[in-house]
Amino acid sequence: MVQRMLALVPDEQARAQIDLVRALYDRERVDATPPHIPLTDQFDDHYGLEDLQQMLEIILGLFHPFMLELGAPQSWYDDGEHLLQMVAEQGAEDAQRISSIVYRDLYPEQTPNALIRSRSPLERTALTVGRFRREAEALSAAESLSAQRYFLVVTHVGVFDAVEQTDGPSGWSLRRSLPLGAMMADF
């Protein structure tokens, strides 16, 4: 079974700016995974890419593109690493609404339980821009980026597949990019 994740895909200009910061603080993964803002945790896809795309097109077609402001850099401990994340200061509600509907309608069995819900995209809309072994390093990086903001117009959701690397960290590959608001154009 394929490991997948759904995420907001920044526009090309924002990706270039974000990758400059990631090259500094997340050097190992900047080439292995494009910048993204997760909508789901990784999951076992039991639908297949074509069926998943068709179902997502219906869900995403009902959402207008929206503005997302990322700022408030924070150190966040996850899975043995101290992450440097840019947290959504505006627009998180729209991202979380999409996340909720995807879990409710497509993957109810994989919805994060109450114990880990606060660590999931259902309640934390954030972009990882750095990884550190020590918390002090992550806090220092967060402080140096305190004035940094990214303003994104979110127009697409990406379907990402896990990629295992033989040399270096595993990553994610963008398989499909699906537009928001396709059904709105008819009105």
Side-chain angles (χ1 to χ4, degrees), residues 1-12 14-15 18-19 22 26 28-63 65-66 68 70 76 78-81 83 85-88 91-131 152 154-183:
M1 203 169 291
V2 177
Q3 288 286 296
R4 291 218 155 94
M5 167 185 58
L6 302 178
L8 303 176
V9 180
D11 61 79
E12 194 159 325
R15 272 195 309 265
I18 291 165
D19 272 344
R22 291 178 66 220
D26 196 10
E28 290 183 2
R29 290 204 174 92
V30 72
D31 295 327
T33 302
H36 62 279
I37 299 102
L39 288 171
T40 65
D41 292 320
Q42 82 179 40
F43 58 89
D44 294 324
D45 183 17
H46 49 76
Y47 290 113
L49 188 58
E50 298 305 319
D51 289 339
L52 176 60
Q53 178 176 335
Q54 288 178 358
M55 290 181 284
L56 282 173
E57 284 174 345
I58 293 168
I59 293 169
L60 299 176
L62 300 173
F63 284 89
F66 60 94
L68 187 66
L70 297 171
W76 183 259
D78 185 41
D79 202 24
E81 294 180 296
L83 305 178
Q85 293 187 321
M86 303 298 283
V87 179
E93 310 81 27
D94 293 316
Q96 292 163 3
R97 197 171 311 122
I98 295 170
S99 181
S100 292
I101 291 171
V102 166
Y103 276 121
R104 183 194 72 203
D105 294 350
L106 302 181
Y107 297 99
E109 72 284 357
Q110 297 188 49
T111 303
N113 65 34
L115 292 174
I116 60 171
R117 188 176 172 97
S118 67
R119 299 178 59 179
S120 82
L122 284 168
E123 293 186 16
R124 183 174 174 83
T125 302
L127 168 76
T128 299
V129 294
R131 297 170 192 280
L152 316 171
V154 177
T155 61
H156 287 78
V157 168
V159 177
F160 290 81
D161 284 358
V163 176
E164 292 298 321
Q165 306 280 345
T166 54
D167 56 340
S170 59
W172 292 93
S173 172
L174 178 62
R175 291 294 307 270
R176 300 278 163 90
S177 182
L178 306 172
L180 294 175
M183 296 178 108

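Side-chain contact between Asp45 and Tyr107: present, with at least one pair of heavy atoms (C-beta onward) separated by less than 4.5 Å. Two residues are said to be in side-chain contact when any heavy atoms from C-beta on lie closer than 4.5 Å; Val87 and Thr125 fail this criterion. Looking at Pro65 and Val154, their side chains never come closer than 4.5 Å, going by heavy atoms from C-beta outward. Val9 is not listed as a side-chain neighbour of Val157, based on a closest heavy-atom distance of 4.5 Å or more. The shortest side-chain heavy-atom distance between Leu83 and Asp26 does not fall under the 4.5 Å cut-off. Residues Met86 and Ile18 have side chains not in contact (no heavy-atom distance under 4.5 Å, counting atoms from C-beta outward).
Considering all non-hydrogen atoms of both residues, Arg29 and Ser170 come closest at NE-O, 3.8 Å. The shortest heavy-atom contact between Thr33 and Gly171 is OG1-CA, 3.2 Å. The minimum heavy-atom distance between Arg4 and Trp172, with the atom names listed, is C-CZ3, 3.7 Å. Counting all heavy atoms, side chain and backbone alike, Pro34 lies closest to Arg22 at C-NH1, 3.7 Å. Nearest heavy atom pair, residue Leu174 against residue Gly158, reads CD1-CA, 3.6 Å. Taking every heavy atom of both residues into account, Ala126 and Pro38 meet most closely at O-CD, 3.4 Å.
Taking CG from Leu180 and CG from Leu62, the interatomic distance works out to 10.5 Å, rounded to the nearest 0.5 Å. With rounding to the nearest 0.5 angstrom, the CD1 atom of Ile101 is 9.5 Å from the CG atom of Leu60. With values rounded to the nearest 0.5 angstrom, Ile59 atom CD1 is found 8.0 Å from Met55 atom CE. Note that CD of Gln110 is 9.5 Å distant from CD of Gln42, once rounded to the nearest 0.5 Å. Taken to the nearest 0.5 Å, the CZ atom of Arg97 stands 9.0 Å off from the CZ atom of Phe66. A distance of 10.0 Å separates OG of Ser99 from CD of Glu123, quoted to the nearest 0.5 Å.
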Check your understanding: Going through the checks in order, is the side chain to side chain contact (heavy atoms under 4.5 Å, CB included) test met by Glu28 and Arg131?
Key -> CA-CA 9 Å; Glu28 290 183 2; Arg131 297 170 192 280; over 6 Å; no

Exercise for review: Please report the C-alpha distance between Ile37 and Leu152 in whole Å, then the side-chain angles of each, then the deciding distance to 0.1 Å, and finally whether the side chain to side chain contact (heavy atoms under 4.5 Å, CB included) criterion is met.
Suggested key: CA-CA 11 Å; Ile37 299 102; Leu152 316 171; 3.9 Å; yes

Practice item. Carefully, step by step, assess Leu56 and Leu6 under the rule side chain to side chain contact (heavy atoms under 4.5 Å, CB included). Key: CA-CA 10 Å; Leu56 282 173; Leu6 302 178; 3.8 Å; yes

Exercise for review: Walk me through it: do Leu49 and Arg176 pass the test side chain to side chain contact (heavy atoms under 4.5 Å, CB included)?
Suggested key: CA-CA 9 Å; Leu49 188 58; Arg176 300 278 163 90; 3.6 Å; yes

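For the pair Ser100 (side chain) and Gln96 (backbone), a donor-acceptor distance under 3.5 Å is present.
Cation-pi check for Arg124 over Trp76 is met; the charged atom lies under 6.0 angstrom from the ring centroid and within 45 degrees of its normal.
In summary, the side chains of Gln85 and Thr128 do present a donor paired with an acceptor at a separation below 3.5 Å, with no hydrogens or angles considered. Between the side chains of Glu57 and Gln53, at least one donor N or O sits under 3.5 Å from an acceptor N or O. A donor atom on one side chain and an acceptor atom on the other are found under 3.5 Å apart for Glu109 and His46.
No option in Val159, Val102, Val2 other than Val159 meets the side chain to side chain contact (heavy atoms under 4.5 Å, CB included) test with Leu52.
Aromatic ring centres of Phe43 and Tyr103 lie farther apart than the 6.0 Å criterion allows.
Partners of Asp78 under the salt bridge (Lys or Arg N to Asp or Glu O under 4.0 Å) rule, at least two apart in sequence or in another chain, are Arg119.
The aromatic rings of Phe160 and His36 lie tilted to each other, with the angle between the two planes from 30° to 60°.
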